[in-house]
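One structure is given here, and the rest of the page talks about it.
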Amino acid sequence: MFRIRFHGRGGQGMKTASRILGTAFFLEGFEVQDAPRYGAERRGAPIFAYVRADKAPIYERGVIDRPGLVIVADDTLMGVSAAGVMDGVDAKTVLLVIGGEDPEIWRDRLKTEARILTLKSFVDEETSERPYVGAVCAGAAARLVGVVSKARLEEALTQELEEHGKTVISKNLGRAREAYDTVADDEGIIIDVPNMPPAEPSPPDWVDLPLDPADVASPSIYATATSVQVRTGLWRTMRPVLEPDLCKKCVWVCGSLCPDGVISADADGYPEIDYDHCKGCMICVVQCPPHALTAVPEGQAQGEIEAAEGAPP
Amino acid sequence: MSETRFKAMRDMPSAHLLGAGTAMCAGCGGLEAVHEIYDVLGKNTVFVNAAGCMSLLSIYPFTPFRGSWLYTSMASAPAGAQGVRDALDILKDKGRIGDDEDLQVVTLTGDGAAYGMGLSATSGAIERGLDFLYVCYDNEGYGNTGQQTSGATPHGAHTATATGESGYPGFKKDLFSIWAAHEPAYVATVIGSEPLDLARKVEKAATMTGPRLVIALSPCPTGWDYDPQLTAEIGHLVVKTGVWPLKEYLDGKVTHTRTPHPRAPVEDYLKLQGRFRHLFEPERNEVLLAGIQAQVDAYWAPLEESP
Amino acid sequence: MTTLTRKLLTGNAAAAWGARLAGVEYLPVFPITPQTEIIETLGRWTEAGEMDAKMVLLESEHSMLTAAGAAAATGVRTFTATSSQGLLYGMEMLYTVAGWRAPFVLVNVSRGLATPITLEADHNDILAARDSGFLQLHCATCQEVVDGVLLAYRLAEDEGVRLPVIVNFDGFLLSFTREPVQLPDADAAARFLPTYDAGALAFRSGHPVSEAVAVLGGTSYSYFRYEMQRAAETALDAFDTAAAAFENDFRRRYDAVECYRMDDAQTAFLMIGSYSTKAKAAVDALRLTGTPVGLVRPRLLRPFPEAALRKALAGVRGVAVIDQNLSMGKGGILHTEVASALYGTDNPPALVSFIGGLGGRDISEGEFLEMAAIAAKAGETGDVPPPRMLYSQSELRQMRKFQAIAAVEGAERLKEEAEEVAS
C-alpha cells in the first residue's frame, strides 16, 4: 500500500493535491482513499490531507500514522510542531520539502533518518510564494510512487479542477508536469508495502476514569484569555513591519481595525504588533494613513531578525 | 445619558481585551467588530453564543474571554440569555450575590441564527422585555459551513448554494426593521471598519436596560472571496455606497448616524468581491447591477429629498 | 411538629406541589396538553405570592429548556415541565444542558407522539430522551409524583451527580386523575433540600468561566462524555442514599426497583408507568387463586438499576415485559433493556415481550391474566413466543368501520371480513 501525507497551510490546496493524486491512482486501477483533515483551522493555518492507494481493498482508515511519503508544501511549517509534519516519519519514509534549504540542513535540524528531497525551484524568491503548490505536490508524488503515468496525472488534474475553467487547469497542469519531470531521478522511490507488519506490540494503557466533580468534568475554562497560548502567528506568510520614521502614532486606527486586536500602543505611543498572534491579514498595512506599515515575506523578515540578532545560520 | 467617551478616533482603546489566538480567519470582519465591542463592554459580561463561526472562539481549553461565555445551540441563544439574566436577578433579589457580582448578558450569534433559526427566540426575548444586548455578526451567509445562502444573503451574490449566473435571486432580509417593529429599547447597525460609530452605539446600548440589538455587518474574506487585507476597505465602501446604512432605532425613531454624500456607486463595493465577480465577468450584467443600484437608491431617496 | 396534610390532587397538581415544596426559584415554562395544568397552578401561586419564584413563559420548549439549563448553570433551583411533542422539540437542548452539568428537574407528562398526533399516554416520548444524559424517574401514582420531584432535586444536585432529572408520569391516567396525596411538610421539605449552591460552575462578575465550550478531537470529547456516564452510574448509590433520607424524613420508601408480592413469585409483570397499578390488581386477583405472580417496576430508568433488577428477578421463571412504547423494527424498548441486564446471569427467566397501551389504549384485566399465563408457560417450557402487540378483534372491527367512513380503498370488503371473523 502507498501511504502519502500532504502538509501545507489552509488555502495552499492540500485537499486538491490529495484528490488529484487519489484520482490519478484510481485511473491507474488502484483502490484509493483520499481525505483532508478538517479542524477549526483557517486560511494560513497548518492543515494536511492524505492518500492511501493499493491494489487490494483498503481496510485502514483515518489519519496515516506510518507514511511512506510526506510532502511539505511550505517549509515554514517544518518548525511548527503543531503541524505534525514528522508524525510517524522514520527511516522508511521519504520526506519531500518544497522550500529553499538543502536536504542536509533538514537532516541536521530534524535529526531524522528519513530520506529527504527538496524542491527549490517552485518557490518564488521575491515573494516566498508558492504558486499552484497543490499541483506541484500532486505531480511530484505521482512520479515518486512510480506507478502513475504522466497522462493519468494530467487526466486526474483536469477532472479535479474542471469547475475552475481552462485557464486555471492549464496553469496547474504546467506546474504539475514540471514537478513530475523534476523528480524523475527518484521515480519509484516510494515502496509499495504489500502488507504492513503489525507495529511494535504496545498494549493500550487503558485507565478506569475517576469520577471527577462536575466543575472539573464539564467543558469549562476558569482561566481568562488562554487563547493566547495558541500561536496563530504561525499562520502568517507575510508580516506587517513598521517604519517608525513614517509613523504618526495614530495607533487607534491600526489597533481598532486589526481583527485580532494584536496591535496596541507601546510606551512611546507607537503601534506594537504581537507577532506571536498576528495572522498576517495585512489590513493594517492597507489602512495605515501615513503608509508606515509594509508587508514583508515572513521568511525574509525572520532572516533579517536572525541576522540582526547575530543568530547562527 | 452621559456624554460619550468616544469623541474622536483617538479615544478608541489602545490596548485590547479580547485574547488573541482564536481560530477566526485572518482578516475576519466579524472578529474586527467583536473585539471592538468587547473593548467597550468590558469583562463584566457573559456572552451567550449560538452555533456559528464564533462558536470556535472558545475551543477547550482555550478561550479569548476575560469574562464569561456559554455556548447554547443555534436556535436558542436569546433564551440562554433569558435564563442567565433571570437567575442573576433572582440571586440579587435574594441577596445571594451582590450587585458587584452582576453581569451584562450579551447574546452573540451570526446571521444564520439571527435572521433564521433563532429569530423566534429573539422575538420572544424582545417581547418579554429581556434586559440583554444582542450582537449579530452578519457575514451574509452560513459562513462556518462554507457560505451557503442565509436570510442575510444579498441579492445577486454567489454562495455555495447559489452558483448560477445571476447569483442568489432573493433579497437580504431587513432584520433591523424586524427587530425595530418589536419596539425594543435600542437597535443599531454597525461595522468594524467604522470603530467610532460602533463604539458610540455600543456604549449607548450598554447604559440602557431592556432589549438592545446590534447588527455588525462582517466582511468575510473567506465567504465573500477577497484578499483579507481588504476587509476594512470593503467595510468603508459598503458604507460609502449606502449598501449598509449606519443607523439606530431609539424611542420609536430611526436615525442615520452616517449619510454618505455623495454616495459612491455600488459597483465600487461589489467589484472587490469574488462573490459578485459574475456581475462583471465575462461581461457586465448591466441589468443586475442596475437593479442593485436602484434598490440602494430607493432606500436613500426619501432621506436625500428631505433637507 | 410535623403537620400532615392529605388531600385529593391530580398528578399535575402533585407535580406543582413538588416544585413548590422543593423551593423552586425559577420557572421557565411553555404550555402543552396534558401538562399545562402544572404551569397554570404554579403561575397562580407565584402571582399570589404563595410561591417565591419567577415564572417566564418562553416561546418554545427548545427555548424553555435552554433557559432552564442556563438558570441552573447560574445557580438557582429551576423547574420546568413538558410533554410529548414538546419534549421532542426541545430534544437538542436535553442533550446540551445535560452536558452543562446543570441540575434541574423537568417533569414530562407522557403522551403518544405524532404521527398521528394524539393526546393520551404512552412512553415513546420519554424513551426518546433515554440517552440524553438526563436521569429518569418514573411514577405510578400521584403520591410518587410529588415525592419524586423532591427526590429528583436531591439526586440532581448531589455533588457526584450534577445531572438534570426527568420525573415522568402518564398523561390523563395521572395528569388529570385525582388521588389522595400526603403532602410533605414544607419545613421538612426545605430541610431535605437546602439552598442550591452551584459552586464553581456559575456565572458571576469577578469569577470568569467559559462554559460548554467546543472541543476538537475525540480525546477531549470522550473524556467529558465518559465522565457523564460515571456521574450517572454514581446516581444509583446517590438515589439509594436520597431515598433512605426521604424515608427517614417522610416515612415513605422508594426503592429504585419496586417489587410487589415478589417474595415467592414464579412469574412477574415488568413495566413502568401508571398502568403498573393495574398489574398490581391482576397480581392480587391471581394471588387469590394461589398463582405465584408479582410485579417488578423500575422507578429509575436512567441510571438503569441492573443489579436491583437481577436481584428482583432471581428465581423467577417467566416475565411478561409490558412496553407502552414501540421501537419500529425492533419492538419494546424496556424488553431490550431488561434482556441486556439479565444477559449472562444463571438461569435467567424467559422474557415474553408485550406491546400495549399505545396512545392511551387500555390494557384490560383479561389481558393481564393472559399475559401472566403466557409468561408462566414460557417459564415452564422455556419456549418463548414472539412479541405480541395487544390488539383485539373488536378493535380491528372498529378500525374497519372508521376506514369505511374514511372511504379508504377496499374498506367495505375489509369491514365485511372483520365482521365475518367476529361472527
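Quick caveat: nothing in here was measured; it's all calculated off a predicted structure.
In the displayed structure, A/E31 atom CD is contacted under 6.0 Å by more than 12 heavy atoms of other residues, nucleotides or ligands. Summarising the local packing, OH of A/Y275 is surrounded by more than 12 heavy atoms from other residues, nucleotides or ligands at distances under 6.0 Å. Residue-environment remark: CZ (A/R19) stays at or below the threshold of 12 foreign heavy atoms within 6.0 Å. Sparse packing is recorded around CZ of A/F26, with 12 or fewer heavy atoms of other residues, nucleotides or ligands lying under 6.0 Å away.
A distance of 5.5 Å separates CG in C/L201 from CG in A/D215, rounded to the nearest 0.5 Å. In this structure, A/L211 CG and C/R230 CZ are separated by 5.0 Å, a value rounded to the nearest 0.5 Å. Here C/W100 contributes atom CH2 and A/S218 contributes atom OG; the two are 12.0 Å apart, rounded to the nearest 0.5 Å. Note that OH of C/Y226 and CG of A/D212 are 14.5 Å apart. Values are rounded to the nearest 0.5 Å.
Highest contact tally toward chain A, considering only C/E211, C/R162, C/E159, C/E233, is held by C/E211 [criterion: heavy-atom pairs under 4.5 Å]. By number of non-hydrogen pairs under 4.5 angstrom with chain A, the leading residue of C/G199, C/S210, C/A231 is C/S210. Ranking C/G99, C/P208, C/S220 against chain A, the residue ahead of the rest is C/P208, based on heavy-atom pairs under 4.5 Å. The choice from A/P210, A/S220, A/P219 that makes the most heavy-atom pairs within less than 4.5 Å of chain C is A/P219.
Looking at C/A212, only its backbone comes within 4.5 Å of chain A, counting heavy atoms on both sides.
Side-chain contact between C/V209 and A/I221 is absent, with no heavy-atom pair separated by less than 4.5 Å.
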